[in-house]
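Just below is one structure, and these are the notes that go with it.
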2 protein chains.
Amino acid sequence: MPVLSLPDPPLEDALDLLNTGFECGGMITLVGECEVDYDGRASSHLPPGERLVILKPDGTLLVHRDEQRKPVNWQPPGSTHSARIDRDRLIVESVRSSPHEEIEIVFETLMQATLLELDDASDLALAGSEEDLRQRILADPDVLEAGFKAMVTERETAAGAIDIYGQDADGTPTAVELKRRRVGPDAVGQLNRYVEALERDPPSRSIRGILVAPSVTDRAEELLATEDLEFISLTTEESGLSQGRSSPNSEE
Amino acid sequence: MPVLSLPDPPLEDALDLLNTGFECGGMITLVGECEVDYDGRASSHLPPGERLVILKPDGTLLVHRDEQRKPVNWQPPGSTHSARIDRDRLIVESVRSSPHEEIEIVFETLMQATLLELDDASDLALAGSEEDLRQRILADPDVLEAGFKAMVTERETAAGAIDIYGQDADGTPTAVELKRRRVGPDAVGQLNRYVEALERDPPSRSIRGILVAPSVTDRAEELLATEDLEFISLTTEESGLSQGRSSPNSEE
DNA sequence: GGATGTATCTCGGTT
DNA sequence: AACCGAGGTACATCC
């Protein structure tokens, strides 16, 4: 992986590096004092300051300060980058369409310009997602409740898709909503929408709604009660030990 | 702003640079082939590949590939970074507590190590947020509906806080939920939760629920109808032109 | 520190 | 391209 780095580069050299990078599909980092203007889904202005700017070959642009995980400004993948020199300042622009968004970065000074070609074909392997929780239940439905039978995943209703649709030991239709972490009122509302949609479509009653998550907040618990929904505490395999029906706030 | 950059550094030099950066509160970027393991809220493994690693003085850590806006791995602000050399490889670790999370990056090769001290005191000025939409309505409630009176913002209910609570021209209590962009079923569910909570608390009827957004999806429109809620099309000032009551899907 | 809701959310999957 | 929901969401704000 070739790395070309220019310390305190003349603007023309930096511009060359940028254009080379745009052509060869490399990744570029710029360090310097700059001003950033953005206009698109929202609009913003960032007064001058020293930042790290990253331009990826897929059209991503990131402007990072020395704090925070999120870039202070950015452009999503698929954007088109360009650079030019205007009145002795390096200007980097990035535009995307649909929706139209553009960002303009004006460098007052440039401390470093680097061109990288990263070779990376690996895939991230992630464990502990909601999908893992689903697999756990499908592999052994009894962890949910003795006698529970999972029938469909992602079953469509007028209000959206139910994570797991099945029947309990009595044969009562049951909607199960899964969350990988402690949930608040929104998840209860989500489950409630699905259950009500089921009860409307073929007009019916006594459809159970079960929220499966590690735990719920107080307000979510109240809502579960008023909406006559249930909660079962379960976690993804590796992210905890608790399991089984218990108080909604159990968390050791 | 001093910039110290080492191309293809010996591991000892890179380690020195890292420790210097940790001490002086600088920002560090590393480029090289590495393997990443993460364990915390979830867990992940990323096989070897060439990436850009950023360590911020606030404890943020980012691992960026040459595509995507999101880092493939990261550590949130507040984490504690450390580095060491083990069996001829540079190892960078970052740990945080509450919740406990750790990431380990093992560099097989290192192409660049850079130490930056970014001077940046500016604040981002952002326009077009939901807050702007709220201000617009509070400044002139008639843009919502003739005769509407806003009484409270963030009014608490058993189900959460209502963006704007007020009365229409007839004096009917009204809950208003604001969204800065086109909304789906979740926003309807949210508004519905608030309205039902209001109708429960002092048991009552005929409380209006109005969703204010640029537009809604088909499914959201259906839900609005079944829940007897209303929709008014409004945008933040600069992000569009449409305004006034209209078909939920109007979007030109 | 927990709870709640917004976000230029991002991202993947599906229609 | 739009829609829908998950996310190690991050982040601010309020308690």
Side-chain angles (χ1 to χ4, degrees), chain A residues 38-44 60-61 67-77 79 96-103 124 126-131 133-134 154 156 159-163 177-187 190 193-194 215-220 236 238-239 249 251, chain B residues 38-44 60 67-78 96-103 124 126-131 133-134 154 156-157 159-163 177-187 190 193-194 215-220 236 238-239 249 251:
Chain A
Y38 154 75
D39 192 61
R41 287 167 290 177
S43 62
S44 70
T60 302
L61 182 150
E67 54 181 39
Q68 297 273 87
R69 210 214 67 145
K70 278 181 59 173
V72 61
N73 277 117
W74 71 89
Q75 200 77 326
S79 307
R96 82 147 162 173
S97 39
S98 180
H100 179 80
E101 291 194 295
E102 53 188 22
I103 198 167
L124 179 74
L126 181 75
S129 62
E130 181 181 305
E131 176 60 20
L133 181 54
R134 177 192 309 190
E154 297 300 323
E156 283 294 336
I162 297 170
D163 283 338
E177 174 64 27
L178 308 175
K179 294 295 172 194
R180 68 172 301 281
R181 57 174 195 169
R182 181 173 173 87
V183 297
D186 53 339
Q190 196 181 346
R193 278 193 284 128
Y194 300 156
S215 59
V216 303
T217 65
D218 289 353
R219 189 122 62 170
T236 59
E238 70 293 302
S239 68
N249 288 313
E251 269 196 290
Chain B
Y38 154 76
D39 192 60
R41 288 167 291 176
S43 62
S44 70
T60 302
E67 53 181 43
Q68 300 271 82
R69 211 219 64 147
K70 283 180 55 174
V72 60
N73 276 117
W74 72 90
Q75 201 75 324
R96 82 148 161 174
S97 39
S98 178
H100 179 80
E101 290 194 294
E102 53 188 22
I103 199 167
L124 179 74
L126 181 75
S129 63
E130 180 179 307
E131 177 59 21
L133 180 55
R134 176 190 310 189
E154 298 299 322
E156 283 295 334
T157 74
I162 297 171
D163 282 338
E177 174 63 29
L178 308 176
K179 294 295 171 191
R180 66 174 302 282
R181 57 172 197 168
R182 181 173 175 87
V183 296
D186 53 338
Q190 196 181 348
R193 276 192 285 130
Y194 300 155
S215 59
V216 303
T217 66
D218 288 353
R219 188 123 60 170
T236 60
E238 69 295 300
S239 69
N249 288 312
E251 267 197 292

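Residue numbers start from 1 in every chain, and the chains themselves are labelled A, B, ... in the order their sequence lines are given, proteins ahead of strands.
- If you measure from atom CZ of B:Arg182 to atom C1' of D:dC4, you get 12 Å, rounded to the nearest angstrom.
- Comparing the same atom, C1', in D:dC14 and in C:dT8 gives a spacing of 25 Å after rounding to whole Å.
- Looking only at side-chain heavy atoms (C-beta outward), A:Thr217 and A:Pro185 come within less than 4.5 Å of each other.
- Separating the P atom of C:dT4 from that of D:dG8 is a span of 22 Å, rounded to the nearest Å.
- For B:Glu102, there are no salt bridge (Lys or Arg N to Asp or Glu O under 4.0 Å) partners, not counting sequence neighbours.
- Applying the 4.0 Å criterion to OP1 and OP2 of D:dC4, one finds that A:Tyr194 has every side-chain N and O outside that range.
- The residue A:Ala159 sits close only to the backbone: its heavy atoms come under 4.0 Å of sugar-phosphate atoms, none of a base.
- A:Glu177 comes within contact range of the sugar-phosphate backbone alone, with a heavy-atom separation under 4.0 Å but no base atom that close.
- Of the charged side-chain nitrogens involved, at least one lies within less than 4.0 Å of a carboxylate oxygen, so that A:Arg134 and A:Glu154 count as a salt-bridged pair.
- For A:Ile162 and D:dC4, the CD1 to P distance is 15 Å, given to the nearest whole Å.
- Residue B:Arg219 has a polar side-chain atom (N or O) positioned under 4.0 Å from OP1 or OP2 of D:dC4.
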What one-letter contact string describes nucleotides 7-15 of chain D from 5' to 3', where B marks a base within less than 4.0 Å of any protein heavy atom, S marks contact via sugar-phosphate atoms alone, and - marks no contact? SBBSSS---
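- Across all strands shown, B:Ala220 has no heavy atoms under 4.0 Å from either base or sugar-phosphate atoms.
- Between A:Gln190 and D:dA6 there is a side-chain N or O to OP1 or OP2 distance below 4.0 Å.
- Using a 3.5 Å distance cut-off with no hydrogens or angles, the side chains of B:Arg69 and A:Thr60 do not pair a donor with an acceptor.
- A salt bridge between B:Glu130 and B:Arg180 is absent, with no side-chain N of the basic residue lying under 4.0 Å from a carboxylate O of the acidic one.
- Applying the salt bridge (Lys or Arg N to Asp or Glu O under 4.0 Å) test to A:Arg219 and every residue at least two apart in sequence or in another chain returns B:Glu156.
- Taking atom CG on A:Asp186 and atom P on D:dA6, their separation rounds to 10 Å, with Å as the unit.
- A donor-acceptor pair under 3.5 Å is formed between the side chain of B:Glu101 and the backbone N or O of B:Arg41.
- At the phosphate of D:dA2, neither OP1 nor OP2 sits under 4.0 Å from any side-chain N or O atom of B:Thr217.
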